[in-house]
Amino acid sequence: MPELQAVVDEIAEEMRATPLRGEVATYIPELARVDPRYFAIAIVDARGEIFTGGDADVPFSIQSISKVFTLMLALGKIGDRLWQRVGREPSGSRFNSIVQLEAERGIPRNPFINAGAIAVTDAILAGHQPRETLGEILRFMQFLAADDGVYIDHKVAASEQRTGFRNAALANYMRSFGVIDNPVEYTLGVYYHHCAIAMSCRQLAMAGRVLAHFDSEPSTIRPVLTAERARRINALMLTCGHYDGSGEFAYRVGLTGKSGVGGGILAIAPGKASIAVWSPGLDVSGNSRLGQLALERLSKRMEWSIFGA
Ligand code: GLN
């Protein structure tokens with residue numbers, strides 16, 4: 001097996017030299033301003049050691065990667081009752097699609113498409129003020145990353161709030177079926193702000209340790225997630241984490257993963273590694289183009305695919 005830091009250096013160098021970067025997201029105006037030349041990778045291995053390459057300490061908008069963590073919080077709060085209002089099947093549709101909601105009576109297919117994540121946020125919000133819920137989510141991320149520097153980029157949140165007509169449509173539509181309980185503007189406000197959390201690859205890879213469930217996991221984070229829940233969230237990441245690109249990601253990379261339109265991906269090799277990559281250019285499904293390529297090479301070279309070497 002090659003040495004991990006050597007592979008990380010090699011991949012960072014290869015990505016620097018790759019011209020095919022995809023398009024940065026423009027529907028959230030603030031994200032359109034990000035330089036597409038960034039590339040970053042960070043890995044925490046089973047012993048808790050961290051390996052980095054490229055711009056691993058530059059914070060970026062984690063966007064939909066936050067949905068993995070809000071799912072943890074919602075399951076922690078209401079347990080399996082969450083599945084009465086969100087499904088667990090891949091959608092095969094775009095992340096912001098509304099088409100399935102009518103036929104399926106307002107129940108989103110899974111917690112990672114926008115509709116599903118909005119329903120999850122609504123479940124966390126129940127009985128609280130938006131500000132309290134947002135503080136809870138942010139503190140959770142800081143705790144998991146072991147870094148108080150994780151912050152919410154209010155400019156990104158405001159930018160999305162001004163232009164989030166589709167998400168408003170999804171939320172209102174679900175509310176009409178009784179799937180959303182809180183005032184739509186409260187739920188959306190919390191949703192936009194947790195999507196606007198900014199983290200570096202180093203911080204994100206640290207936060208992903210809880211899903212990798214290492215034997216060496218620090219006693220501080222072990223109680224956050226049982227092995228069974230980690231396994232199940234990983235299953236959802238594999239089947240739904242890249243929207244209509246999930247099959248392709250499983251085929252090429254063979255790790256569980258969650259992407260965000262900021263260009264980040266959190267990928268997990270259970271028991272082996274927590275990996276964060278970032279490159280802002282996206283493919284047609286809204287997944288980082290170079291991020292996927294980097295993970296494909298990493299998983300192949302380290303023989304980390306969950307389907308075998
Ligand atoms: N905040 C973004 C949205 O709601 C998240 C989408 C994503 O990262 N795929 O559109």
Side-chain angles (χ1 to χ4, degrees), residues 22-34 59-71 86 90-99 101 108-122 124-125 130 134 137-138 141 152-174 180 184-199 204 236-237 239-246 248-249 257-267 276-289 291-292:
E23 302 289 321
V24 301
T26 50
Y27 76 98
I28 301 175
E30 201 59 28
L31 293 184
R33 298 154 52 107
V34 178
F60 61 91
S61 194
I62 67 167
Q63 291 296 320
S64 287
I65 303 171
S66 62
K67 297 170 180 177
V68 177
F69 299 95
T70 49
L71 176 61
V86 188
S91 70
S93 304
R94 275 189 72 71
F95 64 88
N96 56 6
S97 174
I98 201 167
V99 288
L101 273 185
R109 274 285 172 99
N110 67 65
F112 295 149
I113 51 173
N114 285 9
I118 292 167
V120 167
T121 301
D122 188 73
I124 307 176
L125 182 54
L134 204 53
I137 298 170
L138 180 62
M141 297 310 294
I152 293 172
D153 186 332
H154 290 277
K155 268 170 114 174
V156 172
S159 177
E160 188 170 4
Q161 202 138 23
R162 273 195 303 275
T163 54
F165 306 111
R166 275 189 195 230
N167 286 324
L170 293 171
N172 279 294
Y173 202 55
M174 287 189 287
I180 298 273
V184 166
E185 59 279 16
Y186 285 17
T187 302
L188 283 175
V190 175
Y191 171 79
Y192 292 138
H193 283 80
H194 74 62
C195 286
I197 290 175
M199 293 173 82
L204 195 54
L236 290 165
M237 289 168 75
T239 51
C240 313
H242 285 73
Y243 318 109
D244 49 334
S246 299
E248 184 70 8
F249 186 81
K258 181 75 209 81
S259 66
V261 288
I265 301 175
L266 173 65
V277 289
W278 172 49
S279 168
L282 308 177
D283 68 9
V284 286
S285 301
N287 302 317
S288 173
R289 198 180 267 277
Q292 292 175 90

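Atoms within a ligand are numbered from 1 in the order they appear, just like the ligands themselves.
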Contact partition for Cys195 relative to ligand 1, non-hydrogen atoms under 4.0 Å: side chain
Going by the rule salt bridge (charged side-chain N to carboxylate O under 4.0 Å, His left out), which residues pair with Arg33 if we only count those two or more places apart in sequence or in a different chain? Glu30
Any donor-acceptor N/O pair, Arg94 side chain to Val284 backbone, under 3.5 Å: yes
Strictly under 4.0 Å, does any heavy atom of Gly260 approach an atom of ligand 1? yes
Can any side-chain N or O of Lys67 pair as donor or acceptor with the backbone N or O of Phe112 at less than 3.5 Å? yes
Please classify the Val261 to ligand 1 contact at 4.0 Å (heavy-atom distances, strictly less than): side chain, backbone, both or neither. both
Below the 3.5 angstrom mark, is there an N/O of Phe95, backbone or side chain, next to an N/O of ligand 1? no
Proximal ligand 1 atoms for Asn167, defined as those under 4.0 Å from one of its heavy atoms: 3 (C), 4 (O), 10 (O)
Nearest option to atom 10 (O) of ligand 1, as decided by whichever heavy atom of Phe112, Tyr243, Tyr191, Tyr27 sits closest: Tyr27
If we set the cut-off at 4.0 Å for heavy atoms, which region of Glu160 has an atom near ligand 1: side chain, backbone, both, or neither? side chain
Can you confirm, on distance only, whether ligand 1 has an N/O atom lying under 3.5 Å from any N/O atom belonging to Lys67? no
Parallel, tilted or perpendicular: ring planes of Phe95 versus Tyr27, cut at 30 and 60 degrees: tilted
Using a 4.0 Å cutoff against the non-hydrogen atoms of Gln63, which atoms of ligand 1 qualify? 1 (N), 2 (C), 5 (C), 8 (O)
